[in-house]
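Structure first, then comments.
Order of listing sets the numbers, starting from 1, for every ligand and every atom in it. What you see is a predicted model; the values in this text were computed from it and never measured.
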Amino acid sequence: MNPLISSVKTVFINTFKTEPLLIFSPGRINIIGEHTDYNDGFVFPAAINKGIVAAFKKSDSDKSTAHALNMDNSIEFSLENLKPSQQGNWENYVFGVIAEIQKSGKKIDNFNVVFKGDIPAGSGMSSSAALENSIVFGLNELFNLGLSKHEMIYMSQKAEHNFVGVKCGIMDQYASMFGIKNNALLLDCRTVESQPYEIDFKDHQLMLINTNVKHSLSDSAYNDRRFVCEHISKLLGIKALRDATESDLEKIKDEVTPENYQKALFVIQENDRTLKASKAIEDGDLVTLGNLIYGSHNGLQHQYKVSCDELDFLVDQAKLNNHVLGARMMGGGFGGCTINLVAKNALEDFSKSASKAYKDKFNKECSVYSVELSNGTHIIS
Ligand code: GAF
């Protein structure tokens, strides 16, 4: 049995002397389409074979418990009047989901959950969506709530808005819930429907490099960006930046700061790059795909300003290597991973040279991962 599953199961059985319901909920990568989701735009994520395993069972006690094995931290709580605890705590993801279920009018009783993940924290692979989805999916199953997958992901997202304080879009929760093995999902964040694309880059593959840094203030910077986009949409008289063209934006140039103009321009261009990337994948045109990925990073770095020195350095390392067709920061930014499109026969070389250069520059190790594209949140049979 997979070691993650067996460690969660063993702790659960040792503690509660009963067989649990086991759920796996994956993290995600994103090929392209960053900060477009909360602008009703397009994104191109995939669920991966790293994620969270959660074990559940109903409890007869008048309290519920949650045990985060990675943190070796366990809490007991009452289901009534759940409030967010000190910012940044893992229990807010759990409490937030429970509160959203309750808000919807569905009723749950006390339960015990034990969970553990193998997504490095702060890596930009969305351990938070994996955790939220594992909780909502597990409780839906345990208490027969009859929630659809769409209802579940909106609850996960709202948990993050209301209990964690990050006004995230829907990409992470969607990808984690709806992932399809060996596929990436071209997701329209307005209709919240996606089209699967089988990913087989032949002699190339995706590789992640984790900077192993997460700069503080990233949550407030994220919310600020979202606010700017909404403000500009209002000025343009549209629902979201997805509906704007570059020439629409040009017309209100005088009404916004040059910085905010660049941010909105980035979103419009990133949306366009994402659609072009799906076409490049259909055509098997990896050079074009790689250039779009580099273009995405350039915009995230210079226009949207959500990158950092460590991410920029790793992307520059990729550019120095002819066997890397594209590289960019992935996720919200300010740390976490770069995603790289690399020739299979150059994976080891690039991994070694980038790791050495990173160590020399920052006196810190980066971590290299290759991931498999996987199915979304499911019961472990
Ligand atoms: C984070 C958010 F949670 C997503 O909704 C998305 O906006 C992403 O940053 C940036 O593309 O992962």
Side-chain angles (χ1 to χ4, degrees), residues 25-48 50-51 88 92-93 96-97 119-133 153-179 184-190 192 194 208 210 214-215 217-230 240-242 263 266-271 273-274 277 292-293 295-297 299-301 303-308 311 328-339:
S25 187
R28 62 105 190 90
I29 57 164
N30 185 23
I31 298 175
I32 195 164
E34 220 63 88
H35 290 275
T36 43
D37 61 350
Y38 51 85
N39 289 294
D40 276 4
F42 292 91
V43 292
F44 214 154
I48 55 173
K50 286 183 186 295
N92 281 337
Y93 298 94
V97 168
I119 305 173
S123 61
M125 288 186 251
S126 207
S127 52
S128 40
L131 176 56
E132 292 147 8
N133 280 354
I153 62 170
Y154 295 134
M155 288 178 177
S156 290
Q157 182 193 29
K158 282 277 176 287
E160 195 141 341
H161 288 192
N162 298 331
F163 270 62
V164 182
V166 179
K167 303 285 178 200
C168 63
I170 198 66
M171 167 170 75
D172 300 356
Q173 291 79 10
Y174 186 95
S176 167
M177 183 67 76
F178 288 92
L185 308 173
L186 177 65
L187 170 64
D188 179 337
C189 297
R190 172 160 280 166
V192 195
S194 68
L208 304 182
N210 192 352
K214 182 77 194 161
H215 295 288
L217 295 180
S218 57
D219 290 357
S220 61
Y222 184 93
N223 291 345
D224 286 352
R225 299 299 184 285
R226 183 170 184 152
F227 179 78
V228 167
C229 294
E230 287 170 357
L241 283 180
R242 184 247 182 79
K263 290 192 177 93
F266 163 78
V267 171
I268 295 168
Q269 292 174 340
E270 180 73 354
N271 219 18
R273 275 191 287 267
T274 306
L292 291 163
I293 292 175
S296 170
H297 186 80
L300 288 158
Q301 178 182 0
Q303 295 172 283
Y304 215 61
K305 296 197 190 299
V306 288
S307 187
C308 63
L311 288 164
R328 65 177 199 87
M329 54 148 275
M330 189 180 76
F334 304 102
C337 288
T338 59
I339 181 166

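The nearest heavy-atom contact from the protein to atom 7 (O) of ligand 1 is Y222 OH, 2.6 Å. Distance from atom 8 (C) of ligand 1 to its nearest protein heavy atom, with residue and atom name: M171 CE, 3.8 Å.
Taking all atoms of both residues into account, the shortest heavy-atom contact from P120 to S123 is O-OG, 2.6 Å. Considering every non-hydrogen atom in both M330 and E34, the closest pair reads CA-OE1, 3.5 Å. Here the shortest heavy-atom pairing between R28 and G124 reads NH1-O, 2.7 Å.
Not a single heavy atom of M125 sits under 4.0 Å from any atom of ligand 1. Distances shorter than 4.0 angstrom do not occur between any heavy atom of S126 and any atom of ligand 1.
When heavy-atom distances to ligand 1 are checked against a 4.0 Å cut-off, R28 comes that close only through its side chain, counted from C-beta outward.
Checked by distance only, ligand 1 and N30 stay at 3.5 Å or farther apart across all their nitrogen or oxygen atoms. Any N or O atom pair closer than 3.5 Å counts here, and D37 shares at least one such pair with ligand 1. Taking any N or O of G169, backbone or side chain, at least one lies under 3.5 Å from an N or O belonging to ligand 1. Distances between N or O atoms of D172 and those of ligand 1 include at least one value under 3.5 Å.
In this structure, the separation between CG on N30 and CG on L185 is 10.5 Å, given to the nearest 0.5 Å. Rounding to the nearest 0.5 angstrom, the gap separating the CZ atom in F266 from the NZ atom in K305 is 12.5 Å. Here the OG atom belonging to S194 is positioned 13.0 Å from the CE atom belonging to M171, to the nearest 0.5 angstrom.
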Run the numbers on S25 and N133 for side chain to side chain donor-acceptor pair (under 3.5 Å), then give the verdict.
CA-CA 6 Å; S25 187; N133 280 354; 4.5 Å; no
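Less than 4.0 angstrom separates some heavy atom of Y38 from each of these atoms of ligand 1: 7 (O). Near G331, meaning under 4.0 Å from any of its heavy atoms, are these atoms of ligand 1: 9 (O), 10 (C).
At least one donor-acceptor pair under 3.5 Å links the side chain of Q157 to the backbone N or O of G169.
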